[in-house]
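Note on naming: letters A, B, ... go to the chains in the order of the sequence lines (proteins, then strands), and numbering restarts at 1 for each one.
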Amino acid sequence: MQKRYNPKEIEPKWQEIWDQTGTYTADLTSSKPKYLAMSMFNYPSGNGIHIGHAMNYTISDVKARFKRQQGYEAYHPVGWDAFGLPAENFAIKSGVSPQESMAKIIPGYHKQYKAMGWSNDWEKEIATHLPEYYKWTQWIFSEMFRHGLAYQASRMQWWCEKDNTVLANEQVIDGKCWRHDGLDDPLVEKKEIKQWFFKITEYADELLEATDALDWTDSVKLAQKNWIGKSKGAEIDFQVEGSEEKITVFTTRADTLFGATFLVLAPEHVLVDKLTCAEHKNEVEAYKKESQVKSELERQAQKDKTGVFTGAYAINPINKARIPIWIADYVLVGYGTGAIMAVPAHDERDHEFAKKFNLPIVRVVKNQAADDECSHEEGLMINSAEFNNLPSAEARENIVAALVNIGMASEKINYRMNDWSVSRQRYWGAPIPIIHCKKCGPVLLPDDQLPVIIPELDDFAPSGDGRSALARATDWLKVDCPNCGGPGERETDTLDTYICSSWYMFRYIDPRNQEKIFDSQLVNKWTPVDFYNGGDHATAHLLYARFIGHFFNKIGLIDNPEPFKQMLFNGKVTAADGSMFSKSKGNGVDPLEIIDQGYGADALRTYLMFAAPLELWIRWDPQGVPGAYRFLSRLWTLVQEYLEAPTTESSQDQATELKRIINKTTQKVTADLENNFYNTAIAACMKAVNDLYKQKAKSLAKSSAWKEALEAITALVAPFAPHMAEELWHELGHSTTVHKDSWPQVEKQYLHSDKLNIVIQINGKLRANIKVSSEATEEEVLDQAKQDSKVGSYLKDKTIKKTIYVPGKIVNFVV
RNA sequence: GCGGAUGUGGUGGAAUUGGUAGACACGCUAGCCUUAGGAGCUAGUGCCGCAAGGCGUGAAGGUUCAAGUCCUUUCAUCCGCACCA
């Protein structure tokens, strides 16, 4: 009696055995070649995993399993990104400490991860909220501080009223807090706050330079570059008329300097008050106020340019022209110098402004555009004195050079990226290891006093004065200054959780090290991460992780500055109608429910990997998992039938045919898994099973040929359906696991059959198909083609003008 | 607005350097079988046509013996950035 394919039985069984025998425990000191595959780690919430997690982790799991079967020492780590607002907000509401709720939530995730059949190494599990981990997050802050890369500054920061906390630029989406972006949620505002920063801008250039060489999804590389936003230009000084002050502007188009007919300062620019004439004071003050309360969203939504005249004039250094100075909020204080030279003939924004306020427009570049149009296109210079008739690029160089000579300009590179704001006024994060001393200022806590443990509290809400709940922990707060011994107070800011997640891949390699952040030799052996994937964080997380990598490299901790060798930005899963799954809509798909329905994790995994290329978003298809189940079931049944078949050898013909099926498939699946084409790898396995069924119809025997074929196909599907493959592998007579060193080798002699199919075209249209021997010469093939009756009827009464022969593929007769 | 993609059956998607368009799967149709199941097996399934044949990869041109693939123009959809000077 054959056993039916019943995942409910075999999946838990093998999960238990793998766990007990440590099948997926990576030996980090192994002499085998290493392979590190991982997905972005998870933030544990009360909701458990959803179908998006199932997608992400299955992708890296398949990769790890494939490599493990190929004979690599593969490591598929697991960890938890446990700090952050949701746990804290829950704590504020419920009074249950985040430490406590994490301790409850995480074990639930263990069960779910195991139920999905992911080959995680649980011995090396990490969690960012544990002191053994955040000790080193704090240490990174200390190292940054010691290297002059951490500093404190007052900045206008985005402030979310709902969370009472500062937001990073990337946490502001369409003018709203990323966690409160609903219709009813308020727009964020700016507030002046003292913040800690990491000087990531110091690494901007090297991060940018290194981007091209990365084996990453192109869109992510591009996003990284845009984020850094390098632009080459010049800073040019404009003397303020009747004053010692100079206004410095940044421009990438110094060639258009003769067309600069006014200057515009950001309303927040430091010189505004100084410049403004008495009779314009009221107007300017009013405008400044107005733009301060104006939210980012309003500023972006507003179509019209606004601004006011200061009453002051500046002198254009190239032609001594006297030009008015305006302020307008379309100039941003945070970029460049916060001031621009306006060239309305060649910049759309300046053009719009000039039109509205009747300012002069002088054209200095001759290009395709009509005379009254604004165009930023380059061309030959006009109205530019001695620079006339030069192409833009050359004029640009010459003008800057001329100004540099008289000390009125310098070449300058600007970045859109700002320094990384790393402090948060929150409880649930790693405390910043700084003591504030009245006498010594901010003093770094000595390393031997790390970690700074988060004190237990009853109330986790921010203190309300802009500081975190830690300000309430008075015993914890008061300490002696490590420098002078006088009274001091601990920093109450905690570190941005992006810091925790920017170095975890290194800690995976040495998770229990008490002495050091990690053993460099071991980390050098195991990093960069060979394969990394995720469906979020194309900019911030990846850029920060790269920054930390480059920093670690600079301070001699690691050899390779780039942490992720390959990065795949995978798609997500949406509802059937294309909308996002969400709890509030109640349209979510729970992976565990699918498993429990009886389809099993293997079918779910196979469907997710088969539905589309990994980069594409897929729409949840309720028929998909049953379809994958059917495929697995067919393979299962085939093996069961084999086990009951009579023991006899297969014919030579069939043995060869089985070899061909298997070798062709092995080659395809191996290449596809290497290149992350999982969907076509599965398709190839399906095709192979279909082909094996055709062979079965001819004859099925418990022969060595069949055994070999079934073992091979079992090994090939093992990365996708690990439980079923393991069960079949053992049924086929193995006592060791299929998940190590089982990948079939390609025997090249079986890749081609001795007969080739040649397509015959007449004038490029398909007319016939012929079978020829693989050894046939061109002449023989053409002869045979002409003899084909169908071809003959087309060639009758015609002369062949031209014959094209593509060996082994096609013959085209042109008549 | 700028940048990046992507347009292929009823559906998801396949197609080395230009060389049999639609692999594989879902769905559908028919037949078989049965322990009547969430079955299974076999065959069929781009469109028009009884057939021969013709037409087909968003649209229109072009290059070529041959175009989903290359070139030009154009339309549509999606994503990222968004007053970055």
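Base orientation at B:G10 is anti, since its O4'-C1' glycosidic dihedral falls outside 90° of 0.
Side-chain proximity of A:L766 to B:U42, B:U20, B:G3: nearest is B:U20. In the set B:G13, B:C81, B:G38, B:G13 carries the atom at the smallest distance from any side-chain atom of A:L616.
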key: Dot-bracket summary - RNA chain B, pairs being Watson-Crick or G-U whose distances fall under 3.5 Å, with | when paired to another strand   = (((((((..(((......[....)))((((((.......))))))(((....)))..(((((..]....))))))))))))....
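A salt bridge links A:K230 with A:D205: at least one charged nitrogen is closer than 4.0 Å to a carboxylate oxygen. Between A:D212 and A:K225 there is a salt bridge, since at least one side-chain N of the basic residue sits less than 4.0 Å from a carboxylate O of the acidic one.
Mapping A:H376 and A:T337 onto RNA chain B by nearest heavy atom places A:H376 closer to the 5' end of the strand. Both A:G334 and A:K696 lie close to RNA chain B; mapped to their nearest nucleotides by heavy-atom distance, the more 5′-ward contact belongs to A:K696.
Taking 4.0 angstrom as the limit, A:S231 places a side-chain polar atom (N or O) nearer than this to OP1 or OP2 of B:A85. In this structure, A:Y335 reaches the B:A85 phosphate: one of its side-chain N or O atoms is under 4.0 Å from OP1 or OP2.
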Every protein N/O lying under 3.5 Å from an N/O of nucleotides 22-25 of chain B:
from: B:A25; atom 1: OP1; to: A:N690; atom 2: ND2; distance (Å): 3.0

Return the polar atom pairs (N/O with N/O) between nucleotides 53-56 of chain B and the protein under 3.5 Å, or none.
from: B:G54; atom 1: OP1; to: A:R767; atom 2: NH2; distance (Å): 3.3
from: B:G54; atom 1: OP2; to: A:R767; atom 2: NH1; distance (Å): 3.2
from: B:C55; atom 1: OP2; to: A:K765; atom 2: NZ; distance (Å): 3.1

Identify the pairs formed between an N or O of the protein and an N or O of nucleotides 65-73 of chain B at a distance under 3.5 Å, and give each distance.
from: B:C65; atom 1: OP1; to: A:K802; atom 2: NZ; distance (Å): 3.4
from: B:C65; atom 1: O2'; to: A:N812; atom 2: ND2; distance (Å): 3.1
from: B:C65; atom 1: O2; to: A:N812; atom 2: ND2; distance (Å): 2.5

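Taking atom P in both B:A66 and B:A15, one finds a spacing of 26 Å when rounded to whole Å. Here, B:A60 and B:A14 have their P atoms 25 Å apart, quoted to the whole Å. When the C1' atom is compared between B:C71 and B:G18, the two are found 13 Å apart, to the nearest whole Å. The gap from the C1' atom of B:U34 to that of B:A39 amounts to 9 Å, rounded to the nearest Å. Here the separation of B:A36 from B:G49, taken at their P atoms, is 43 Å to the nearest Å. Atom name P, nucleotides B:G56 and B:A82: the rounded distance is 45 Å, in whole Å. Comparing the P positions of B:U57 and B:G10 gives an interatomic distance of 13 Å, to the nearest angstrom. The separation of B:C79 from B:A85, taken at their C1' atoms, amounts to 26 Å, rounded to a whole angstrom.
Rounded to an integer number of Å, the gap from CG of A:D350 to C1' of B:C83 is 10 Å. Between A:D621 atom CG and B:U11 atom P the separation is 13 Å, expressed in whole Å. Atom CD of A:E377 and atom P of B:C2 are 11 Å apart (whole Å). Per the geometry, CD1 belonging to A:I595 stands 21 Å off P belonging to B:G38, to the nearest Å. Atom OH in A:Y607 sits about 12 Å away from atom P in B:G27, given to the nearest Å. For A:Y5 and B:A39, the OH to P distance is 17 Å, given to the nearest whole Å. Rounded to whole Å, the distance from NZ on A:K225 to C1' on B:G4 is 12 Å. Look at CZ on A:R396: it is 12 Å from P on B:A85, rounded to the nearest Å.
With sequence neighbours excluded, the residues satisfying ring-ring contact (aromatic ring centres under 6.0 Å, His included) with A:Y599 are A:Y629. In this structure A:F610 satisfies the ring-ring contact (aromatic ring centres under 6.0 Å, His included) test with no other residue, sequence neighbours excluded. In this structure, the side-chain contact (heavy atoms from CB on, under 4.5 Å) partners of A:P807, at least two apart in sequence or on a different chain, are A:Y805.
Pairs passing the salt bridge (charged side-chain N to carboxylate O under 4.0 Å, His left out) check and including a residue from residues 332-344 of chain A, sequence neighbours excluded, do not occur. Sorted by first and then second residue, the side-chain hydrogen bond (donor to acceptor under 3.5 Å, both in side chains) pairs involving residues 761-770 of chain A (not counting sequence neighbours) are A:N757-A:N769, A:R767-A:Y794. Note on residues 252-263 of chain A: pairs passing side-chain hydrogen bond (donor to acceptor under 3.5 Å, both in side chains), not counting sequence neighbours, are A:R253-A:D255, A:D255-A:S392, A:D255-A:R396. Applying the salt bridge (charged side-chain N to carboxylate O under 4.0 Å, His left out) test to residues at least two apart or on different chains, the pairs with a partner in residues 599-616 of chain A are A:D61-A:R605. Applying the salt bridge (charged side-chain N to carboxylate O under 4.0 Å, His left out) definition to pairs two or more places apart or across chains, those involving residues 660-682 of chain A are A:K67-A:E674, A:E657-A:R660, A:K668-A:D672.
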request  = Please test A:S231 against A:N414 for side-chain hydrogen bond (donor to acceptor under 3.5 Å, both in side chains), starting from the C-alpha separation and ending with a verdict.
outcome  = CA-CA 5 Å; A:S231 61; A:N414 250 310; 5.7 Å; no
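Within 4.0 Å of A:A223, counting heavy atoms only, lies no atom of the nucleic acid at all. Counting any heavy atom pair closer than 4.0 Å across all strands shown, A:S219 reaches no nucleic acid atom.
A:F353 has its ring centre less than 6.0 Å from the ring centre of A:W326.
Looking only at side-chain heavy atoms (C-beta outward), A:M40 and A:M567 come within less than 4.5 Å of each other.
Cation-pi geometry between A:R546 and A:W216 is satisfied (NZ or CZ under 6.0 Å from the ring centre, within 45° of the ring normal).
Residue A:N757 places a side-chain atom within donor-acceptor reach of the base of B:U20, judged by atom type and a 3.5 Å distance cut-off alone. Counting distance only, with no hydrogens placed and no angle test, the side-chain atoms of A:K809 and the base atoms of B:U17 include a donor-acceptor pair under 3.5 Å.
At a cut-off of 3.5 Å, with distance as the only test, no side-chain donor of A:R416 or A:N226 sits close to an acceptor on the other residue.
Between the side chain of A:S699 and the backbone N or O of A:Q695, no donor-acceptor pair lies under 3.5 Å.
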